[in-house]
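See below for the structure under consideration.
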Amino acid sequence: MIISSANDYRTAAERKLQPFLFHYLDGGAYAEYTLRRNVDNLASIALRQRVLRNMAELSLETQLFKQTLAPVGLCGMYARRGEVQAARAADDKGIPFTLSTVSVGTIEEVSSAINRPMWFQLYVFKDRGFMRNVL
C-alpha cells in the first residue's frame, strides 16, 4: 500500500494491527468530539511528496525543561519488551525516556535497563489502591 493521504495511515494500521489494538488506538473518549475535530483538522492538511530528498537532518525532537525529548509511545504493544528497547535507545542518545502508566513493561524492568533517570507519565485513575501502588 502506498501512503498518499493521512487516512491511508489509519487504513494501513487497521490491516496490520490486531483488532483490539487498532480499536484502542483509533478510538476516542466519551462522545469523541475532540477526536472528530482532530481528524477533520488532519484531513485539511495536504501531504506533499518529497521524493529523494536528504532526510539526514530530520528530527522530531523538542525541548522541555532544558532537556531534549523525542516522541515515542505504546512501544510494548508493538515489539517484545518494546519499552526496554526504546528506553535503551533513548539512553544511548542521552534523551530522557518517559514510561507511561499504561505501558506493558514495568517500571522496575525499564529503569533497570538504563543508566539515566527516566520520566513517568502518570494517568490518574479512580482506583485509589492502584494509584497508591503506582506512586
Side-chain angles (χ1 to χ4, degrees):
M1 168 179 205
I2 295 173
I3 305 291
S4 60
S5 72
N7 196 51
D8 288 347
Y9 286 105
R10 182 183 180 276
T11 302
E14 187 172 21
R15 288 180 183 171
K16 177 116 176 128
L17 300 174
Q18 295 288 330
F20 81 93
L21 180 54
F22 171 76
H23 292 297
Y24 172 78
L25 296 172
D26 189 54
Y30 304 108
E32 299 186 337
Y33 296 125
T34 302
L35 173 65
R36 279 196 296 279
R37 282 195 304 267
N38 290 343
V39 168
D40 290 344
N41 287 340
L42 187 57
S44 71
I45 298 171
L47 297 180
R48 186 179 74 179
Q49 289 189 3
R50 296 173 65 120
V51 179
L52 299 176
R53 300 284 298 232
N54 180 1
M55 300 307 282
E57 300 300 318
L58 178 67
S59 174
L60 298 177
E61 71 184 31
T62 188
Q63 295 283 318
L64 181 65
F65 305 120
K66 298 183 182 178
Q67 299 243 346
T68 301
L69 306 174
V72 62
L74 298 171
C75 307
M77 296 179 105
Y78 302 115
R80 186 174 172 272
R81 299 187 74 229
E83 284 93 1
V84 171
Q85 293 180 54
R88 283 185 178 148
D91 197 41
D92 289 346
K93 296 291 185 181
I95 299 171
F97 178 77
T98 303
L99 187 69
S100 171
T101 302
V102 295
S103 64
V104 175
T106 66
I107 295 171
E108 295 80 9
E109 177 186 26
V110 176
S111 65
S112 67
I114 57 179
N115 296 315
R116 45 188 293 132
M118 69 176 182
W119 295 14
F120 188 71
Q121 178 186 27
L122 179 65
Y123 291 110
V124 178
F125 298 117
K126 288 182 182 178
D127 183 340
R128 295 302 178 215
F130 173 78
M131 295 309 303
R132 259 189 303 283
N133 185 49
V134 168
L135 295 171

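Any value given below was found using the heavy atoms of this structure, including those in side chains, with hydrogens, waters and symmetry copies removed. Treat the numbers as computed from the prediction; the structure is a model and nothing was measured.
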Treating Ile, Leu, Val, Met, Phe, Trp and Tyr as nodes and any side-chain heavy-atom pair under 4.5 angstrom as an edge, say whether Tyr123 and Val134 lie in one connected cluster. yes
What closest approach, in Å, do Phe22 and Ala13 show between heavy atoms, and which atom pair accounts for it? CD1-C, 3.9 Å
For a 4.5 angstrom cut-off between non-hydrogen side-chain atoms, does Leu64 reach Trp119? yes
Roughly how far, to the nearest 0.5 Å, is the OG1 atom of Thr11 from the CD1 atom of Ile3? 8.0 Å
Does any N or O in the side chain of Arg36 come within less than 3.5 Å of the main-chain N or O of Ala31, such that one atom is a donor and the other an acceptor? yes
Does the side chain of Lys126 reach to within under 4.5 Å of the side chain of Met131, using non-hydrogen atoms? no
Within the side chain of Glu83, is there an N or O that forms a donor-acceptor pair under 3.5 Å with the backbone of Val110? no
Short question: side chain of Thr101, backbone of Gln121 - any donor-acceptor pair under 3.5 Å? yes
Sidechain-backbone polar pair: Asp91 side chain, Asn115 backbone, donor-acceptor under 3.5 Å: yes
Value rounded to 0.5 Å, distance of CG in Leu42 from CG in Asn7: 9.0 Å
Side chain proximity check, Leu122 to Leu135, heavy atoms < 4.5 angstrom: yes
Any donor and acceptor pair, going by atom type alone, linking the side chain of Ser111 with main-chain N or O of Ile107 inside 3.5 Å? yes
Is there a path of hydrophobic side-chain contacts, each under 4.5 Å between heavy atoms, that joins Phe130 and Leu99? yes
Looking only at heavy atoms, the pair that brings Gln67 and Arg116 closest together is OE1-NH2, 3.4 Å
Where is the tightest heavy-atom contact between Val84 and Ala113, given as atom of each residue plus distance? CG1-CB, 3.7 Å
With side chain to side chain contact (heavy atoms under 4.5 Å, CB included) as the criterion, how do Val102 and Phe125 come out once you've worked through the C-alpha distance, each side chain's angles and the decisive distance to 0.1 Å? CA-CA 11 Å; Val102 295; Phe125 298 117; 3.9 Å; yes
In one Ile/Leu/Val/Met/Phe/Trp/Tyr side-chain cluster, 4.5 Å: Ile114, Val104: yes
Exam field: side chain Glu14 to backbone Arg10, donor-acceptor pair closer than 3.5 Å: no
Nearest 0.5 Å please: distance from the CG atom of Leu25 over to the CZ atom of Phe20. 9.5 Å
Which heavy-atom pair separates Ser112 from Glu109 by the least distance, and what is that distance? OG-O, 3.0 Å
Please determine whether the number of non-hydrogen atoms from other residues, nucleotides or ligands lying under 6.0 Å from atom CD of Gln18 exceeds 12. no
So how far is it from Phe97 CZ to Phe120 CZ, rounded to the nearest 0.5 Å? 11.0 Å
